[in-house]
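Structure first, commentary second.
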Amino acid sequence: MTTGGEHMPHVSAASRTVDVSVAAPAFNEAENIAASVGEWREYLEGHPVIGAWEIVVCDDGSTDATRAILEELSRECPGLVVVGFTRNRGAGAAIAAAIAATRLDWVALLDSDGQFPIANLDGFLDRIRRGEGTAFSGARIRKADGLPYRWGSALSGAVGNLLHGTRYRDFNSIFKVVYGPLFRALPLESGGMNCSTEITARVVELGHDWIEVPIEHRERGGGSRGWRFWRGARDRALFVGYLGYRHWLLRRGVLRPPAAPPTGSPAASPAASPAVPPTRSSARSSTAPPAASALSGERADLPLEAR
């Protein structure tokens, strides 16, 4: 495998900044979303290494005040872009839609429940500027989830590593920082909570190595999980089995290997560039990547609504 080779994006000079899109799904996170967006914005605005930035949140058909809170926040935060579904479609669909709506060089994938502090990015930025790779994943030092969730994650991660010939410490971590063109081109299929597992597998299929960076993981800020444990465990087992079967078919040549997306070097931003977010109109009017239109099988009765 490779961390990028000749196509690896390079932001080498210490005087350069990194342009970052934060992408996150949200479902019934009314208790957490304002605090999460506020924390993200404060970090992105104040960090000396971050140049242009944006926050893209996909509301997954929330039935509480999540969407209304996001709409209100977007009125006073030009860097916040809100997209969403008319009804709940699952975390995987929301993650894919949020990623597809980003437009900057690097995409940081977070969750909206407050479990992954955005300050974890401190451990990623210098590696990005040194051009160490195209895909970085946060390895949770101590998982703040309950014991059954930790066991389930450990088991599925072990199976994922076995199937793909890898040895990642945290195969299922959702906290990922990936070069934008690569991330936006991934053909994601997961409709539920297994999207982070699928992202890890898809990038490996394309021949890239993940670079793991230790991160902090904390308890939810409030509210409850949007999925039930036993149903989630069943779905994860089925999905890991599907990924394994797919990997076996790829190795036997029954399936064609996925085409590698373009990963040319993005232009680095001079340090003198002001760390200001894009305007909401520019974020909305930017051309969607080729993968966006087909992502998650968009249907006419479930439109993706962009602010």
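Just so we're clear, the structure is a prediction, and the values are computed from it rather than from any experiment. In what follows, residues are counted from 1 in the order of the sequence shown.
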Quiz item: Hey, is E189 close enough to R202 for a salt bridge, meaning N to O under 4.0 Å?
Solution: yes

Quiz item: Do NZ/NE/NH1/NH2 and the carboxylate oxygens of E212 and R169 come within less than 4.0 Å?
Solution: no

Practice problem: Looking only at non-hydrogen atoms, find the nearest pair between V56 and A101 and report the distance. | Solution: CG1-CB, 3.7 Å

Quiz item: Does E71 pair with R67 as a salt bridge, N-O distance under 4.0 Å?
Solution: yes

Practice problem: Report yes if some heavy atom in the side chain of V107 is under 4.5 Å from a heavy atom in the side chain of V177; otherwise report no. | Solution: no

Quiz prompt | Distance flag, aromatic centroids of F175 and F124, threshold under 6.0 Å | solution = yes

Quiz item: Do S190 and N194 touch side chain to side chain, with heavy atoms closer than 4.5 Å?
Solution: yes

Quiz item: With a 4.0 Å cut-off, would you call E216 and R140 a salt bridge?
Solution: no

Quiz item: Does a side-chain heavy-atom distance below 4.5 Å link Y43 with D122?
Solution: yes

Exercise. Answer with yes or no whether the side chains of T66 and D59 bring together a donor and an acceptor at under 3.5 Å.
Key: no

Quiz prompt | Note, Y168 side chain near W210 side chain (heavy atom, < 4.5 Å) | solution = yes

Quiz item: Is there a side-chain contact between L110 and I118, using heavy atoms and a 4.5 Å cut-off?
Solution: yes

Practice problem: Please examine the side chains of F239 and E198, heavy atoms only from C-beta on, and report whether any two atoms are closer than 4.5 Å. | Solution: yes

Practice problem: To the nearest 0.5 Å, tell me how far D209 CG sits from S137 OG. | Solution: 12.0 Å

Quiz item: Taking the side chain as C-beta and beyond, is there a heavy-atom pair between V57 and W40 under 4.5 Å?
Solution: yes

Quiz item: Do R184 and T102 meet the criterion of a side-chain donor-acceptor pair at a distance under 3.5 Å?
Solution: yes

Quiz item: Mind checking whether S62 and E29 have side chains closer than 4.5 Å, heavy atoms only?
Solution: no

Quiz item: Does E54 pair with R41 as a salt bridge, N-O distance under 4.0 Å?
Solution: no

